[in-house]
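Below is one structure, written out as structure tokens, with a few remarks after it.
All values reported here derive from a predicted model rather than from experimental measurement. All ligand and atom numbering here is 1-based and tracks the order in the structure.
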Amino acid sequence: MQADSVSAVRQAFVVHPTQEVSGEVQVPGDKSISHRTALLSALAEGTSTARGFLPGDDCLATVTALRALGVELEAQDGDLRVRGVGLDGLQASGRPLDLGNSGTGMRLLAGLLASQPFASELTGDESLRKRPMERVAKPLRAMGAGVETRSGTAPIRIVGRYPLQAVDYALPVASAQLKSALLLAGLRARGRTVIRSPGRSRDHTERLLRSMGVTVESRLNEVVSVRAPERLEPIDTVIPGDFSSAAFLMVAGLLAAPRGLLIRNVGVNPTRSGLLGIVEAMGGRVETRSRKILGGEPVADLWVTKSDLRGIEVPPAWVPLAIDEFPILFIAAACARGRTVIRGAGELRYKESDRLGVMADGLRRLGIDVVENTDGLVIEGGDLHGGRLDSQGDHRIAMAFAIAAAAARERIEILGTDQVSTSFPDFERIAAGCGIAIETTTVGKYA
Ligand code: S3P
């Protein structure tokens, strides 16, 4: 083998079967809310502060992009401080804005930059440059911005226009990223911007805009509209723990915590926490305790105990409410009694990887029977063996298979775990704190 056939050295996890998961843990701040807090605070008139900001690579890429647009931000130890420049205070960046692995950062910034009277270019890593961007480009063009993609993907070139013209737009998919991009564009459009979705999706942007003094109308979360406000008020807020990160530990608890596991301070916004309903229907025991509202978002502690899970048919309407939790749900399904059927989840093919294909492949390597359909999987619960698999650089797939070791017979090796820090920077340490021993190693990838 030639030396130059080693195309990259990648991080890998080796995870041994876990005897028991227990204790008390806290997960880092919510990724979706962290992005939105940085972006909207940048547009406020005055200084905003937030505690619980996620210092993951994705959110830090958004912070770096905002700095390049002339905004002063400090993000340290979970504290974010942003000196807002007002709705028309952004300045052109002299260079392309690199959003790394972050689809949220790229799509929301596209919405924000569409109304700026200057040109911008948005790019990202290899995975992000494969993801569909026409879905955001098309409505922004309809609002009057010049938006060019490269065969439908990033880099995206935007020639902004102010004011934009409001549109009444029906989204092709129930996507919070698209909805949020259009809400951001609508902040600087003439008329009322109306966004219609084929289903509910996370409503963090709407909540945050309201807490900054903007009137956002919303019917059943499916028709949302906004008019250009005069200004955005600065905020002083607290960002809850990320439900999507807590989901990994929650499933670990369902598989291996006979004495219980407590996950503190988790955002349980109903447009985000669909996994709670799904695991409950599977027979999973998760109690939400100490409910409260923090920074305009519902928050609770989750008390999880080992449960006998059974397979179910997941109603397609629940899919957008649990969209990021499918990799870990597939692990729960693999450990459940009977068959789990997931349909209406074709969007999973356009995430950081093709999550249906990559998860089906990994589960089969661990001895599970899986049928892969265009828009979902059928998983027969069974015994998880050990094995070696590749996350294809997808953070949530890497973490899902690490948790699978809580129920596996032998060790599981997961290649390509570098991206875990995009959403859950302390994953290995926090998992170790509740009994899941993850060794981190490096491997060469041969072309
Ligand atoms: C997100 C929305 C979802 C989700 C992503 C974060 C957001 O994407 O998968 O991880 O912060 O708005 P879609 O809107 O494309 O479904």
For Ser32 and His204, does a side-chain donor sit closer than 3.5 Å to a side-chain acceptor? no
Check: Ser353/Arg396 side-chain N/O donor and acceptor closer than 3.5 Å: no
Where on Lys179 is there a heavy atom closer than 4.0 Å to ligand 1, on the side chain, on the backbone, on both, or on neither? neither
Quick check on contacts: which atoms of ligand 1 are under 4.0 angstrom from a heavy atom of [X]?
| X | answer |
| --- | --- |
| Arg36 | 7 (C), 11 (O), 12 (O) |
| Lys351 | 3 (C), 4 (C), 8 (O), 9 (O), 13 (P), 15 (O), 16 (O) |
| Ala176 | 12 (O), 14 (O) |

Does Arg355 count as lying over the ring of Phe330, i.e. NZ or CZ under 6.0 Å from the six-ring centre, within 45 degrees of the axis? no
For [atom], what's the nearest protein heavy-atom neighbour? Residue, atom name and distance, please.
| atom | value |
| --- | --- |
| atom 2 (C) of ligand 1 | Gln177 CG, 3.6 Å |
| atom 6 (C) of ligand 1 | Thr104 OG1, 3.4 Å |
| atom 14 (O) of ligand 1 | Ser175 OG, 2.7 Å |

Tell me, yes or no, whether the heavy-atom count around Arg81 atom CZ, taken from other residues, nucleotides or ligands under 6.0 Å, exceeds 12. no
Does any N or O atom in Asp324 lie less than 3.5 angstrom from one in ligand 1, N or O only? yes
